[in-house]
Each structure stands twice: as C-alpha cells, then as structure tokens.
Amino acid sequence: MAMTTDPAHRRNIVGAAWMIAAMAAFAVEDALVKAVSDLLPVGQILTLFGLGGAAIFVAIALRQGDALVTPDVFAPAMRLRVLFEITGRLFYVLALALIPLSTATVILQATPLVVVASAALIFGERVGWRRWTAICLGLLGVMIILRPGTEGFSALSLLALVGMLGFAGRDLASRAAPRSLSTAILGLYGFLALAAAGLLFSAWQGASFRWPDARAALLLVAVILIGIGAYSCLMKAMRTGDVSAVTPFRYTRLLFGAALGIAVFGETLTLGMLVGSGLIVLSGLFILWRGQKASLRAGI
C-alpha cells in the first residue's frame, strides 16, 4: 500500500511536530523559571522576562512593518487580554516557584476545558451534553489533584488554578481581539503585560531588585530565548496544520513537565495526580474530537 502524499496530511504531521516542540520548550521554560526563582525575587523574574520578550517582539514587528501602536491596540478585548495575561502569568509563575513543577503543569492542562465552557457561555458557541459532561469530568480531575478538604490539600496549589483561569481568559480575549493585530503585536503586548505584572508584584511585596549573578543571568537569558522559541513554535503549529489535528498534542506538555519535575527537582507523582491528569487529558481529547465532528457536520 503506497504511503499517502496528501498535502493536508503532511501539513498536519509537520504542524504536530511544531506543537510537540512548542510544548517541550514551554516545559523547559517552566523548569528554568522554577530554578531561577531560588536566586531572584519573582517580581524581578517577571519584569526582566517580560521586557526581554517584548524587545524581541518589537524587533519582529518592525521587521514585518507592523505599527506598534494603533487604535486597535486599545480595543476592549485587548484591555481584557492584558488583564488576564497579568493574572495568568503572575499566579502561574508564583505556582512554579512554590509548588512542584509537575503539579502546576497538570493543572494548566485544564485550560482548554475552561476555554470551551466559557466560549459556550460568553460567545454562545454550541456545546452539547456530551462535551459538558467531559468538561465536568476534566474539572473533577483538577479537584482530585487539588484534594480540597483533605490533609494533602495545599492552598498554594490554588495559585496554579488562578493562573490557569487567567490563561483561559487570555485565550478567549485573543479570539475577540481585532484581526488587524498580528501575532508579533499580540506577543509584544502579552510580554509587556508580563513586565507590568512583575512591577506590580514587586511593589506589593516590597522586594527590591537584586543584581543577578552569572548563573541567574544565564538562566534569565535562557528563559527569554526558550520562551520566545516556544511561542514561535506554537504559532507555527497553529498556522501549519489543522487546529483539530495539532491541538491534541498540547497535552505532551504534561509529559515533558512531569519528566522534568521528576528528573530535575526530584518530584514524585501521586496516584491522585495520575488519575486527575488522566481525566483532564481524556476529557480534553474527547472535546476536541466532538468539536471536529460538529464542524464536519456543519460543513466547515
């Protein structure tokens, strides 16, 4: 039997490869942020990461001929996006600094579930009972991981939960953002929001910035470069293959995050984490599958 030469199939394979690369890079970024949080205040990390990423996206935008400031930048959806970006980035980085990397990574995987549920409630997208059931099961998986009301419950895990909700809000706001704004401009203002989150947290905490030593400086540079690379791979994946084909590979971040947590930070996976993450991943994959079927029936 001859191998398929369908161009769409090849694009999906390439897109999936870009998505896996993006998730691996994001997991490495998380591990580096966790490592540097032992050396520098969290607010300083956020600020320097945000300014470094913003500088790179400014260069990309200028090279593409994009205007850095337009009326669309101040659209209501963009203002909401900045607010959610600040919330997501701040609380997720705090979670990386204070709880196991594997726990933060698993909780983050619930983002697509919240996005689908919110899209139904806010944008009126049709979500049938099967997908609502999957959403509830996925959120049950989050509760199994958090274990509220038990001796194993850690209030610090709520930091990752709030960060996840912030990222879900950012993704929803991105959908409503003006189409005239390029990926580089969205990235620029996303990283500026990250810097703002760092400054706000530093002011609230009263922690002064410290001059980084060689190790901390090297880790910060690596965070910025790998973060930009991860974001670029993600955009490449979404623009190469079909969304329904490449999106399921987002869940490979869970594997990379858990592996780094175990190998680098000596973490262990509990039965509750395994069961909870299984529910989250299976629910997310089912929702994507049902969404694809619905699109095919509608002739999209």
Side-chain angles (χ1 to χ4, degrees), residues 15 17-30 32-33 36 44-93 96 108 111-112 115 163-201 220-241 243 246-247 249-250 253:
W18 280 116
M19 181 62 79
I20 293 172
M23 295 304 104
F26 276 127
V28 172
E29 175 197 315
D30 289 347
L32 291 172
V33 168
V36 78
Q44 182 175 355
I45 296 170
L46 287 167
T47 302
L48 295 178
F49 185 19
L51 292 177
I56 292 176
F57 275 114
V58 164
I60 295 173
L62 292 177
R63 183 179 179 182
Q64 294 176 171
D66 297 332
L68 300 182
V69 181
T70 65
D72 284 344
V73 166
F74 304 99
M78 283 295 291
R79 294 199 293 269
L80 278 175
R81 186 179 188 274
V82 168
L83 179 63
F84 282 120
E85 184 83 57
I86 290 174
T87 302
R89 289 284 189 172
L90 173 58
F91 282 90
Y92 188 63
V93 169
L96 289 174
L108 186 66
T111 304
V115 169
M164 180 270 290
L165 294 174
F167 286 138
R170 177 201 62 187
D171 291 349
L172 288 167
S174 297
R175 294 181 61 177
R179 297 289 184 181
S180 61
L181 300 177
S182 67
T183 298
I185 295 300
L186 291 177
L188 165 61
Y189 284 94
F191 274 92
L192 286 177
L194 177 58
L199 292 173
L200 289 172
F201 184 71
L220 279 173
V221 171
V223 166
I224 293 169
L225 294 178
I226 291 175
I228 294 295
Y231 189 88
S232 299
C233 288
L234 177 61
M235 294 300 102
K236 190 76 173 177
M238 299 305 288
R239 291 183 172 185
T240 301
V243 173
V246 302
T247 298
F249 291 93
R250 281 180 177 269
R253 182 172 182 171

Could you list the donor-acceptor pairs under 3.5 angstrom formed between side-chain atoms of residues 44-60 and any protein atom two or more places apart in sequence or on another chain?
{"from": "Q44", "atom 1": "OE1", "to": "R210", "atom 2": "N", "distance (Å)": "2.9"}
{"from": "Q44", "atom 1": "NE2", "to": "R210", "atom 2": "O", "distance (Å)": "2.6"}
{"from": "T47", "atom 1": "OG1", "to": "G43", "atom 2": "O", "distance (Å)": "2.8"}
{"from": "T47", "atom 1": "OG1", "to": "L199", "atom 2": "N", "distance (Å)": "3.3"}

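Between atom CG of residue L80 and atom CG of residue L83 there is a gap of 6.5 Å, rounded to the nearest 0.5 Å.
With sequence neighbours excluded, the residues satisfying side chain to side chain contact (heavy atoms under 4.5 Å, CB included) with A25 are I226, A230. Evaluation of the side chain to side chain contact (heavy atoms under 4.5 Å, CB included) rule for A24 yields F256 as partners, not counting sequence neighbours. The side chain to side chain donor-acceptor pair (under 3.5 Å) test applied to E85 returns R89, R170, not counting sequence neighbours. Judged as a side chain to side chain donor-acceptor pair (under 3.5 Å), and not counting sequence neighbours, the contacts of S180 are D72. The side chain to side chain contact (heavy atoms under 4.5 Å, CB included) test applied to F91 returns T87, L159, V162, not counting sequence neighbours. For the side chain to side chain contact (heavy atoms under 4.5 Å, CB included) test, residues two or more places apart in sequence or in another chain that qualify with V73 are T70, L181, I185, Y189. In this view, F167 and Y92 satisfy the ring pair (Phe, Tyr, Trp, His ring centres under 6.0 Å) rule, not counting sequence neighbours.
Closest approach of E29 and G227 over heavy atoms only: OE1-CA, 3.2 Å. Shortest non-hydrogen contact noted between S182 and Q64 is OG-NE2, 4.2 Å. Shortest non-hydrogen contact noted between A77 and A173 is O-CB, 3.7 Å.
Residues T111 and R250 have side chains not in contact (no heavy-atom distance under 4.5 Å, counting atoms from C-beta outward).
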